[in-house]
Every structure is written in C-alpha cells, then in structure tokens.
Amino acid sequence: MVWWIILWVLLGIVGVVFAYILLLIISALLVNMKKEYRQESKFYRFLLNSATFFAAKLIRIKLHVTGKELLPETRFLMVSNHRSKFDPILSWLVFGDRQIAFISKPENFKVPVFGRLIHRLCFMPIDRENPRNAVKTINRAVDLINRDVATVAVYPEGTRNYGEGLLPFHNAMFKIAQKANVPIVVVTVKNTYDIQKNYPFHRSHVYIDIVRVLDADEVKKTKTAELGDKIRELMLTKLNEGDKK
C-alpha cells in the first residue's frame with residue numbers, strides 16, 4: 001500500500017513537471033518575434049522567474065545578495081560587470097520584482113524558449129555594428145523607463161570578459177539614465193564563471209552586490225566618460241575585495 005502511494009506521488013510530480021514544461025513551450029511559441037512589445041506581461045515574467053528559479057536550484061547555485069536596501073523606489077538603470085552567460089539570468093532572478101529588461105546581443109533572442117520569453121518582456125537586442133540602430137535601442141530603453149514599463153539593465157563592457165579586471169566601457173550606455181533622468185545602480189557579480197566548472201559535483205556560490213546608487217542629479221550633470229571612470233572604479237574596488245568562498 002505504501003509503495004502505491006509513493007508511486008502515485010512520483011507520477012503526480014512528473015505530471016506537474018511535464019505540464020509546466022509544456023506550458024513554457026506553448027507560451028513561448030505564442031510570442032510574435034517580429035513584434036516590438038511595449039508593455040510588461042506579469043504572466044510571462046512569472047514564467048521567466050519561475051523557470052530561472054528551478055534552473056538555479058537544479059544547477060546547485062547559492063545566491064548571496066547584498067545592498068538591496070539601497071535600491072531606489074523609482075525606475076533606474078542597472079549596470080554590472082559581465083563574466084558569464086549566467087550573469088543576466090541570475091540578475092533578473094534577484095531583481096525579479098523590478099521588471100528588469102536587459103539590453104543584450106541578438107544571439108540571445110535565438111535561445112529556445114528563453115529567447116522568446118525575454119523578447120516578450122521587452123528585452124532589447126543591440127546592433128553593435130550599426131551606431132544608428134544602437135541609438136534606436138537606447139531611445140527605446142529610455143521610453144520603457146519613462147513609461148514605467150521596465151527597469152533597464154546593461155553591461156557597459158559590451159561583452160563577456162574572460163580575463164581579470166574589466167574590459168573598456170561603452171560609455172554611451174549611460175545616456176539612457178541621463179535621458180530618462182533616473183539613478184544608476186552599480187552592481188557587481190562574482191563567481192558565475194565557475195558555475196559550469198562546478199556542476200554537477202559542487203555547489204556554486206554566486207555573489208551579487210549592489211555597490212552604490214548614483215542619484216539622478218549626479219548622473220545628469222556628469223559627462224558619460226566621467227561616469228564610466230567612476231563606475232569602473234566602484235566595480236573594481238568591490239571585485240578586488242578578496243576571493244569570497
């Protein structure tokens with residue numbers, strides 16, 4: 001009798017998991033990749049956050065977050081260092097209640113299921129080779145903030161850094177905060193580069209720290225190059241505090 005109960009419970013769990021995966025796939029297929037969405041979807045945000053949560057548990061990622069009390073109540077521009085493909089995934093999980101929309105490379109929108117989910121949630125591809133198209137992306141990001149649709153996140157390095165320190169910044173990204181007249185939240189992410197190496201035998205400890213918030217007035221009156229220097233120094237200081245275990 002006990003074995004029958006255990007079997008039915010296991011079958012029930014498998015059924016729920018299958019139904020959830022099916023829901024993800026069908027919902028993703030319903031997204032029109034040719035349409036530029038202008039509004040947030042609570043349903044698709046739930047799907048993205050819940051799928052990320054389960055994936056993080058499955059991959060054995062332990063998140064350590066500090067500084068969330070520094071976050072402003074208003075929309076903001078989030079900037080962070082970039083070491084791994086896991087950086088945005090874990091960041092949108094940590095800031096799940098802030099409707100984060102990343103500016104990302106076009107290839108990420110071709111990832112099965114997830115690429116369609118992020119497209120529906122106003123994530124924006126950026127054309128690094130075409131300055132005119134890049135300006136359009138910046139203006140769209142400003143519009144999303146001004147209409148209180150999303151909080152925008154960017155990686156000023158522009159791509160993943162596989163070495164130490166930080167790559168040169170693309171300071172034009174800071175114009176988003178200046179045009180939208182919002183604060184810049186400086187974030188550092190550490191240890192995501194080790195996740196693939198650790199899995200499946202070791203747990204990965206990932207540290208996401210809100211380092212400082214530059215208020216809107218300070219951002220507005222400071223040149224983008226100077227903002228880049230200041231943000232770079234803040235990130236390097238935090239990243240160089242010492243190896244965290």
Side-chain angles (χ1 to χ4, degrees), residues 28-41 44-45 48 52 75-92 95 98-163 165-182 184-187 189 192-193 219 222-229 231-232 235:
L29 290 174
L30 292 175
V31 175
N32 184 352
M33 296 301 288
K34 295 182 179 180
K35 178 180 178 180
E36 184 178 286
Y37 290 94
R38 290 172 49 81
Q39 295 294 335
E40 168 83 2
S41 166
Y44 278 91
R45 183 65 66 174
L48 184 68
T52 306
R75 295 291 180 192
F76 53 84
L77 176 70
M78 189 186 90
V79 300
S80 174
N81 63 307
H82 194 16
R83 291 294 312 280
S84 164
K85 61 186 177 183
F86 289 100
D87 295 338
I89 296 171
L90 296 177
S91 293
W92 75 53
F95 299 98
R98 294 306 185 104
Q99 298 84 44
I100 293 286
F102 275 88
I103 292 178
S104 185
K105 62 182 181 181
E107 292 83 351
N108 288 337
F109 294 84
K110 298 177 182 179
V111 176
V113 180
F114 275 93
R116 289 176 169 269
L117 294 182
I118 64 175
H119 178 75
R120 178 59 187 87
L121 291 169
C122 302
F123 284 45
M124 295 155 279
I126 188 164
D127 187 349
R128 302 186 187 119
E129 307 301 322
N130 189 320
R132 181 173 295 180
N133 288 341
V135 169
K136 289 181 180 179
T137 301
I138 290 174
N139 289 336
R140 185 186 174 198
V142 173
D143 178 64
L144 289 175
I145 294 173
N146 285 341
R147 291 191 296 107
D148 197 27
V149 173
T151 292
V152 175
V154 300
Y155 293 113
E157 292 173 279
T159 188
R160 278 177 279 175
N161 175 17
Y162 295 104
L166 296 169
L167 297 175
F169 279 5
H170 296 269
N171 293 323
M173 292 292 100
F174 305 129
K175 288 185 178 295
I176 296 171
Q178 291 180 331
K179 289 184 175 183
N181 195 29
V182 293
I184 292 178
V185 174
V186 182
V187 175
V189 180
T192 50
Y193 188 74
V219 171
T222 306
K223 294 180 179 179
T224 54
E226 294 175 6
L227 282 173
D229 290 341
I231 292 169
R232 185 183 187 85
M235 286 185 183

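In this text the structure is predicted, and so the values were computed from the model without any measurement. Hydrogens, waters and symmetry mates play no part in the numbers below; they use all other heavy atoms, side chains included.
With contacts defined as side-chain heavy-atom distances shorter than 4.5 Å, the pair M124/V152 qualifies. Using a 4.5 Å heavy-atom cutoff, the side chains of I118 and Y44 are not in contact. Side-chain atoms of F123 and P88, non-hydrogen and from C-beta on, never get closer than 4.5 Å to each other. Side-chain contact between T137 and D127 is absent, with no heavy-atom pair separated by less than 4.5 Å. Contact of the K105 side chain with the I126 side chain is not registered, since no non-hydrogen atoms from C-beta on lie closer than 4.5 Å. When side chains are defined from C-beta on, N81 counts as touching E157, because their heavy atoms get closer than 4.5 Å. Taking the side chain as every heavy atom from C-beta outward, I176 and I103 approach each other to under 4.5 Å. Residues I138 and M173 form a side-chain contact, since some pair of their non-hydrogen atoms from C-beta on lies under 4.5 Å apart.
Atom-to-atom distance recorded for L167:CG and R232:CZ is 8.0 Å, nearest 0.5 angstrom. Atoms CZ and CD1, on F102 and I89 in that order, are 10.0 Å from each other to the nearest 0.5 Å. Between T224 atom OG1 and D229 atom CG the span is 10.0 Å, to the nearest 0.5 Å. Note that OG1 of T151 is 9.5 Å distant from CE of M78, once rounded to the nearest 0.5 Å. To the nearest 0.5 Å, atoms CZ (F174) and NZ (K223) are separated by 15.5 Å. Atom CD1 of I100 is separated from atom CZ of R75 by 8.5 Å, given to the nearest 0.5 angstrom.
Closest approach of M235 and V187 over heavy atoms only: CE-O, 3.8 Å. The two residues S80 and V189 come nearest to each other via the heavy atoms OG-CG2, 3.5 Å. Smallest separation of non-hydrogen atoms from P125 and P106: CB-CA, 4.1 Å. In terms of heavy atoms, A101 sits closest to C122 at CB-O, 3.7 Å. A pairwise comparison of heavy atoms in H82 and T159 identifies CD2-C, 3.8 Å as the closest pair. Residues R38 and D143 come closest through the heavy atom pair NH1-OD2, 3.4 Å.
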Would you check, one step at a time, whether the test side chain to side chain contact (heavy atoms under 4.5 Å, CB included) holds for H170 with V154? CA-CA 10 Å; H170 296 269; V154 300; over 6 Å; no

Give the C-alpha distance, both sets of side-chain angles, the deciding distance and a yes or no for side chain to side chain contact (heavy atoms under 4.5 Å, CB included) between K179 and I145. CA-CA 10 Å; K179 289 184 175 183; I145 294 173; over 6 Å; no

Yes or no on side chain to side chain contact (heavy atoms under 4.5 Å, CB included) for R45 and L48, after CA distance, side-chain angles and deciding distance? CA-CA 5 Å; R45 183 65 66 174; L48 184 68; 4.2 Å; yes

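Taking the charged nitrogens against the carboxylate oxygens, R160 and D87 have no contact shorter than 4.0 Å, which rules out a salt bridge.
Under a 3.5 Å cut-off, the side chain of Q178 and the backbone N or O of T222 do form a donor-acceptor pair. In terms of modelled atom types and a separation under 3.5 Å, the side chain of H119 and the main chain of K35 share a donor-acceptor contact. With R120 contributing its side chain and V31 its backbone, the two residues share no donor-acceptor pair below 3.5 Å.
In summary, the side chains of K85 and N108 do not present any donor paired with an acceptor at a separation below 3.5 Å, with no hydrogens or angles considered.
Heavy atoms from other residues, nucleotides or ligands lying under 6.0 Å from OH of Y193 number 12 at most.
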